[in-house]
Amino acid sequence: MTWSPRTFTKPLVTGNNNRGPAVVLEGVSKAYGAAIALDRVSLDVAAGSFVALVGASGSGKSTLIRTINRLIEPDSGSVSIDGRDLREQPVHQLRRTIGHVIQSVGLFPHMSVAENIAIGLRIAGEAPGKRVAELLDLVDLPQEMADRSPATLSGGQQQRVGVARALATAPGLMLLDEPFGALDPLTRDALARAYRALHERLALTSIMVTHDMAEALLTADRIVVMAAGRIVADATPAALVRGEGGGEAQALVAVPRGHAERLAALR
Amino acid sequence: MSQALLDRLLPLVAAHVLLASAALALGLLIALPLGVLAARHRRFGQVAMGAASLVQTIPSLALLALFFPLLLGLRTLGLPLSPLGFLPALLALTLYAVLPIMRNTLVGLQGIDRDVIEAADGLGMTPAQRLRLVEVPLALPTAMAGIRTASVWTIGAATLSTTVGQPSLGDVILSGLQTQNWTLVVAGCVAAAALALIADALLALAERGLALRRRPLWIVALTLFIAAPIAALLLQPRSQATVTIGAKSFAESYILARVIGHRLEAAGYRVRYKENLGSAVVFGAVASGEVDVYVDYAGTIWTNEMRRTAIVPRAAMVAGVADWTRSKRGVTTLGALGFENAYALAMRPRPGIASIADLARAAPGLTMGGDLEFLDRPEWAAIRQTYGLSFARLRSFNPSFMYEALKSGDADVISAFSSDGRIAADGLVVLTDPKGAIPSYDALLLVGPSASRDAKLTAALRPLIGAVPVAMMRRANLMVDRATNKASPDEAARWLARQIVP
C-alpha cells in the first residue's frame, strides 16, 4: 500500500459535543415508469439521532435512504444535510462524508481486510496511520485479521469489516441498508447491539433500513414506518409498544409482541 | 538445421515478432477502451461486439487482400500510405486482435459483483478511481485470457502477411509449399508455433503473478514479453539504399528474382525480395514503388491491367505493353527476356488429340485441372469460347500439385506453362492453339518509376534482355520443381546466370 497523503486524517472519536449532522428531506418523489417508489416524502432527522426505516418490501425505504447519498437522484424535492443541499458539492465528495453499509457488504475481494478498511482514506488521499488498527479494535476484530482476504471471514466478521470501512473517514452520518439482514440471529443481535454502542460512542447520526420491527424497536430512538412510498407512522419505540402509530405500524409491532407472548406462555 | 536456413529464418522471425507485437499493441490500445465503453453503454456494446464479430468471420487471407485496394484508393486521394508491406498487414492483424480482447474485457467487467460496484460508489470513488482500483483488477484475469487468445491468433495469422509483401515466417512456408521443399515448410511452421507458445507462456506467467499479487513474477514475464519486439526492432536491417525485387508464387518467378538480385548485388546494391505476391498486387506494387523490379508476362498485363481481349502478334503485344506501362503507370519495360511462358493445355499423349480443337471433341468425358488463378482468368474464358470446350469436371489445384494430379488420374488435362520443365520431364504433350486464342506471354523485365531513373541499375540488368532461351528456363525451373535432388531457387538462379550471360 503506497500512496502519498495530502491531508491529515480526521480523528475517529470526537467527543459527544460534536454530533453527527441533521438530515432533512422535503417533498422527495421518485418514480420508475408507472411505479411510484417515493411519493412526496418529507422527513426531519435530528442531529445525533438513530432512525429506523421500517416497512414491507417495495415500501420505498431503500429508495429513500439511497437519495441521501445520491445513489438515487429524486425526480423532485430536495435533501439537505445540516442545511446544505446535497447538490452543492460533487457527488463523490458528498459520499466520502457519509458512511454506507449494505446487506451484502460488498468487500473488495482483491484487497486484504486492512486495504478494504483503508480504501476510503486512500481515495481521499489521506494517510491511514494507525487508523486500521483502531477500527479493528472498534468493531471487535483481532488485529491478526488485517492481512487476511475477505473471503476467509465469516459473514458476521465481514459485516464488521464493512462497518469499519464505512467509519474509516470518520463520517458523522451513517446510512445502513439492511445491515444485518443476511446474518444468523445470534450474530445479528450481537452486531446490532455493538453498532448501537458505536453510535453512542462516536456521536453519529444513523439511519437504518430494516424489515425487522423487533430489531428496529430495540436499536433505534425513532421508528419511521413506510408503505407504498409514503410515511405512515413516525414514533418512538416506547410509543409503538404502547399501541400508538396507527394500524400499519401496529400490524408490524404485532409480530414481535406475538412472539413474546407465545414465549411467555411456554413457561 | 543448416546455417543457411538459420540465416534465412532469423530475420523472418524478427519481422514476424515485430509485426505481431505491433498488431497486438494496437489491438490492445483499441480494444481495452472499447471493452470498457461497451460495459458502460449497453447499446454501444452490442454494436461494437457485432462489428468485431463480423470482422472475425472474414477469412484472414481475404481481410489482408482487402486492405490492398483500400489503401491504394486512399493513396490516390493523396494520403502517403503504402498499400503493401507492413501497413496492410498491421491493420488486418489489429482488426483480428480486437474481438477477443474487447469481448473478454467486457465479460470481465460484467462479471463483477453488483454489490462491489455499489460499495465502490457508496464510498465516494470517482469513476476513474472505481475503474482503476476495483474494476480493472477484478476484470483482469478474464481480460488477460482474451489477450492471450489474441496474441496466439495474431502470431499465427501473421504468416499470411507474406501475400501482401510483408516479410514473416509465412515467406518460407509459402515458398516451401510452392517448390515442395518440406524442410522450409516445417521450419517455418515450427518457428511460428514456438513463437506463439512462448508468447502464451509469458502471458500466462504474468497472469499468475497478477493473480497471486507477486510483483516480481509478473514484472519479469511482461518485461520479457515486451523485450522480444524491441530486440526484433534492433535486428532489423536499416539500410535505405535497398532495391526491392518482387516475385510471384512459382519457381520461375523465384529464380528470375534471384538472377536479378545477384546481378544487382554484384553491382554493389543491397537487395531484398518480396515473394509470393499475386499478379494483381505485384504490378500495383511496382507502379507505386513498393517493388523496384520484377519479371511479368506480356499477356498478363495485356489482359489484367490493360483489359484488352483482342489477341495480337507477339512483337506487337510487347510493344503495346511497353508503351502502356510507361505512359499510363510510369513503369519502364526494360525489355523481353527472350522466352515465353504462355498458358498452355497439357496432357499425356492420347491418339487423335494434338490440338485444342481435337480436345474439344473428347472434353465431355474428361476432367480439367487448373491452378487457382487460371480458372478465373480471361484466357481460360477465351479458350473455352473459341473452341467450345465443355469438360465433365473442373478442378483447381495448387500449381505444384497439378502434375501429380495428371499422374494420379485426378485430372486428364491441366493448365500448364510453356516454360515449365516438367512438361518434357513427364513426357507430356502441349496442345497446339490453331485458332490463336491464347495470347503470347513474353517474359518482361519491369522497373518501377524511381529505379528506372538509376542508370547504374538499368545498366546492370540490361544484359538479361533477350538472353534467356526457353530451353534454359525450363531446365532451371525443373531443377527447383522436380521431386528429387531439388535445387533452391538461389542455386538454380546461379546455374542459369552461368548459362546465359558469359
Side-chain angles (χ1 to χ4, degrees), chain A residues 1-3 62 65-66 68-72 89-112 115-126 147 149-151 158-159 161-163 165-169 171 173-179 182, chain B residues 32 35-36 39-43 104-147 204-219 221-222:
Chain A
M1 290 193 294
T2 50
W3 62 88
S62 256
I65 202 174
R66 284 151 167 250
I68 300 170
N69 65 355
R70 292 181 63 187
L71 282 174
I72 289 174
Q89 57 180 326
V91 67
H92 65 271
Q93 294 290 2
L94 169 78
R95 288 174 184 162
R96 286 174 191 178
T97 64
I98 302 173
H100 190 224
V101 178
I102 56 178
Q103 179 171 357
S104 51
V105 194
L107 294 181
F108 302 125
H110 58 298
M111 297 181 188
S112 68
E115 287 170 315
N116 263 284
I117 292 174
I119 190 72
L121 298 168
R122 181 176 176 186
I123 60 176
E126 295 179 19
D147 294 326
S149 154
Q158 288 187 13
Q159 193 54 289
V161 175
V163 171
R165 181 175 70 178
L167 288 169
T169 53
L173 173 62
M174 289 287 282
L175 303 177
L176 306 109
D177 193 348
E178 301 269 13
Chain B
L32 289 178
V36 173
R40 297 268 187 276
H41 307 282
R42 230 174 84 82
R43 191 82 200 106
N104 279 50
T105 305
L106 175 62
V107 168
L109 289 172
Q110 283 174 337
I112 299 173
D113 196 341
R114 299 316 303 163
D115 301 318
V116 169
I117 299 296
E118 177 166 336
D121 286 338
L123 279 160
M125 288 193 192
T126 61
Q129 286 174 331
R130 195 179 89 183
L131 187 68
R132 179 168 59 87
L133 298 172
V134 179
E135 291 173 304
V136 166
L138 291 179
L140 199 63
T142 315
M144 201 65 179
I147 295 169
L205 209 61
E207 188 181 336
R208 211 173 137 69
L210 287 168
L212 298 176
R213 308 169 100 216
R214 274 164 54 188
R215 197 181 288 247
L217 190 60
W218 64 260
I219 287 181
L222 285 185

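Reckoned from all heavy atoms, side chains included, excluding hydrogens, waters and symmetry mates. Quick note on labels: first sequence line is chain A, next is B, and so on, each numbered from 1.
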For atom CZ of B/R208, decide whether the heavy atoms of other residues, nucleotides or ligands shown that lie under 6.0 angstrom number more than 12. no
Which pair of non-hydrogen atoms, one from B/Q129 and one from A/I123, has the smallest distance, and what is that distance? NE2-O, 3.0 Å
Contact origin within A/I98 toward chain B - heavy atom pairs under 4.5 Å: backbone
Who passes side-chain contact (heavy atoms from CB on, under 4.5 Å) against A/A166, sequence neighbours left out? A/V101, A/M174
Looking only at heavy atoms, which two atoms of B/A119 and A/G106 are closest? And how far apart? CB-O, 3.3 Å
Hits for side-chain contact (heavy atoms from CB on, under 4.5 Å) against B/R214, two or more places apart or cross-chain, chain-then-number order -> B/L212, B/L217
Need one label for A/R66: side chain, backbone, both or neither, based on atoms under 4.5 Å from any heavy atom in chain B. side chain
How about B/L140 and A/H110: do any of their side-chain heavy atoms sit closer than 4.5 Å? no
Minimal heavy-atom distance between A/I119 and B/M125, with the atoms involved, is CG1-CE, 3.6 Å
Sequence-distant partners of B/R130, salt bridge (Lys or Arg N to Asp or Glu O under 4.0 Å), two or more places apart: B/D121, B/E135
Of all the residues in residues 110-118 of chain B, which have a heavy atom that comes within less than 4.5 Å of a heavy atom in chain A? B/D115, B/V116, B/E118
Hey, which of A/R165, A/R122, A/R95, A/H92 is the one that makes side-chain contact (heavy atoms from CB on, under 4.5 Å) with B/L123? A/R165
